[in-house]
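Here's the structure we're looking at; comments come further down.
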Number of protein chains: 2
Amino acid sequence: MATSSTEISDLLRERILSGEIRPGERLQQIPLSESLGVSRTPLREALAILTNEGLLIYEPNRGYTVRSFSLDDVLAAFDVRARLEALACGLAARRGLSSATRRVLAECVVRGDRILSRGTLDPNDLGPYRQMNVEFHDAIIQAANNRYVTDFVRQCHNVPLASDRIFVWEDYEVIKRSHDDHRRIAEALSERDGERAEYLMREHVYFAGQVLKHSLDQGLQQKRAKFNMAAVEVL
Amino acid sequence: MATSSTEISDLLRERILSGEIRPGERLQQIPLSESLGVSRTPLREALAILTNEGLLIYEPNRGYTVRSFSLDDVLAAFDVRARLEALACGLAARRGLSSATRRVLAECVVRGDRILSRGTLDPNDLGPYRQMNVEFHDAIIQAANNRYVTDFVRQCHNVPLASDRIFVWEDYEVIKRSHDDHRRIAEALSERDGERAEYLMREHVYFAGQVLKHSLDQGLQQKRAKFNMAAVEVL
DNA sequence: GCGCCAGTTATTGGATCCAATCCAGCAAGC
DNA sequence: GCTTGCTGGATTGGATCCAATAACTGGCGC
C-alpha cells in the first residue's frame with residue numbers, strides 16, 4: 001500500500017498512463033484516499049505533483065481531472081524526444097562510452113537480431129523487443145549524463161501511449177527498420193561519431209512518431225481496442 | 001500574501017532563483033509557514049511541487065533543502081535549451097509566423113539596435129536589453145506551439161543564473177554578437193528558412209552558455225558579489 | 001411546461017492535532 | 001578521553017476538523 005506522497009503519485013501516474021484511470025475522469029479526494037488507504041493530506045501532495053507534471057488539470061474549488069492528450073500533444077512529445085535523444089547521443093559520443101554501456105548496447109543489438117531472425121514477428125516477441133528497446137534508449141541517455149535530458153525524456157513518456165514506445169509497431173518491417181537504426185546508432189557511438197549518431201537517433205525517434213501517427217490515422221478503432229489506448233483522445 | 005499552493009510555490013521559486021533563499025538552506029515547515037502566513041498543509045503541497053521540479057531535495061523525515069547547482073548543471077541546461085529553442089525555430093518556420101509574432105520580433109530587433117547604437121553599454125541599458133531578450137525568445141517559443149518545448153525551456157530557466165539570461169554579458173561585444181544573432185534569426189524565420197533559423201538559434205544559445213562558463217572561470221569572486229550568484233555553487 | 005431562485009448537500013481548502021522519527025546533549029562504561 | 005547508549009526536544013508525516021465554495025435539488029413564479 002502506498003504511503004508517502006511520492007509513492008502515491010507514482011502509483012497514480014502508472015494508473016493514468018496505463019489507461020486504468022481515463023482522461024477526463026475526475027479524481028475526488030475522499031473516495032480516492034479511501035481506496036488507496038491513505039488520508040487526504042499526502043494524497044493532495046501527490047495530486048499537486050501530478051498536476052505540475054501536466055497529467056492532471058486543476059481548477060480551484062473544483063478539484064482535479066485527468067488531462068486529455070490530443071494526437072498533436074503526443075506528436076509534440078516525439079518531436080522533443082527526437083531532439084533530446086539526439087543530444088544524448090552527441091553528449092555520450094563526446095564523453096566516450098563506458099565499457100558497461102558498450103556492452104549493454106551490443107547486447108541489445110544481439111537480442112534484437114535474435115528476435116527478428118525468423119523473418120516474422122510473433123505477438124510473444126513484442127514484450128521482449130519492447131524491453132530491449134527501453135534498455136537501449138535508457139543506456140544512451142544515462143551515458144549522456146545530462147540531468148535535464150534524463151528528466152525531460154522521462155516527462156515525454158508521461159504521455160499516454162508514448163510510455164509504451166513500441167506497441168503500435170506490430171509490423172515486422174517497421175520493427176526491422178527500427179532495429180537497424182539501433183545497430184547503426186550503436187556503431188556510430190562506439191566509433192565516437194557523435195554527428196552521425198545524433199542524426200540517426202533524431203530520425204529514429206521521429207520515424208516512430210510518424211508510424212504512430214499513421215497507425216492512428218487508419219484503423220483507429222481496432223487499435224484503440226487492441227492496445228487499450230483509452231488514455232489518448234484522438235481528434 | 002500567498003494563499004494557494006501554486007502561489008506559494010511560485011513565490012518560493014522566485015526567492016530561490018533570485019538567491020534570496022540560498023542553496024543548501026533547510027526549509028523548515030513551521031517557521032516558513034509562519035513567515036508566509038499560511039498553514040503547513042498548502043505549504044507542503046508547494047514544497048512537493050518544487051521538489052518535483054528539482055529545485056529542492058527531499059529526505060523522508062528530514063525535510064526539504066534547497067538544491068545546489070553545479071556549473072555543470074547550468075551548462076547542461078544550456079545544452080538542452082539550445083536544442084529545444086532550435087526546434088522551436090524549426091516548428092515556427094514550418095507553421096509560418098503570425099503577423100503579431102513577426103511584429104514582436106521586428107520590434108525586438110529595433111529595440112536592441114537602439115540600445116547598442118551608441119557603441120558602448122550603460123549599466124542602465126542592461127535591464128531593457130534583458131527584457132527585450134526574454135520577449136524575443138518567448139515569442140519564438142510561443143510561435144512553435146509545442147507544449148513540451150514551452151514547458152521544458154521554462155524548466156531550464158529554473159536553474160539559478162539561467163533565469164536571468166543575460167546578466168553575465170556585461171561586455172558590449174558579447175551583447176552585440178548576441179543581438180546580431182537575433183537579427184539573423186528573425187530574418188531566417190520571416191523567410192521561413194527553418195534550417196538556418198535552427199542552426200543560428202542553437203549556436204546562439206550555446207554561445208550564451210560558453211560565455212557564462214568563461215565568465216565564471218575567471219574572476220569568479222567579483223561576479224558572484226556583483227550579480228548575487230548566491231544560488232550557484234561553482235565547483 | 002420551462003426557467004429561475006433558494007436551500008441543501010457534497011467537496012474542496014486550510015488549520016490543527018497527534019504520532020512517529022530524528023537529532024542533540026548528556027551520562028555511563030570501556 | 002573516547003565511544004556508546006539513552007533521553008528530551010524538535011520536526012516531520014498523516015489524520016482529522018472546520019470553513020468556504022460550488023454543484024444539486026426542489027420549489028416557486030412566470
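Just so it is clear, the structure is predicted and the values come from calculations on it, not from any experiment. Per chain, numbering begins at 1; letters A, B, ... match sequence-line order.
- For B:Arg26 and C:dC23, the CZ to P distance is 8 Å, given to the nearest whole Å.
- B:Tyr206 does not carry B:Arg202 over the face of its six-membered ring by the limits of under 6.0 Å from the centre and within 45° of the normal.
- Counting any heavy atom pair closer than 4.0 Å across all strands shown, B:Arg44 reaches a base atom.
- Backbone-only engagement by B:Arg62 is indicated by non-hydrogen atom pairs under 4.0 Å involving sugar-phosphate atoms exclusively.
- No donor-acceptor pair under 3.5 Å is formed between the side chain of A:Arg81 and the backbone N or O of A:Val205.
- The backbone N or O of A:Arg22 sits less than 3.5 Å from a side-chain atom of A:Glu25, completing a donor-acceptor pair.
- Taking atom CD on B:Glu59 and atom C1' on C:dC22, their separation rounds to 12 Å, with Å as the unit.
- Heavy-atom contacts of chain B under 4.0 Å fall on DNA chain D between two terminal nucleotides, which in 5' to 3' order are D:dT11 to D:dG14.
- When atom types are taken as modelled, the side chain of B:Thr101 and the backbone of B:Leu97 share no donor-acceptor pair closer than 3.5 angstrom.
- For the pair A:Glu45 and A:Arg40, nearest-nucleotide mapping onto DNA chain D gives the more 5' position to A:Glu45.
- Salt bridge absent: A:Arg40 and A:Glu45 never bring a charged side-chain N and a carboxylate O closer than 4.0 Å.
- Remark: the A:Ser9 side chain and the A:Thr6 side chain contain no N/O donor-acceptor pair separated by less than 3.5 Å.
- Between the C1' atom of C:dT12 and the CD atom of A:Glu34 lies a distance of 15 Å, rounded to the nearest Å.
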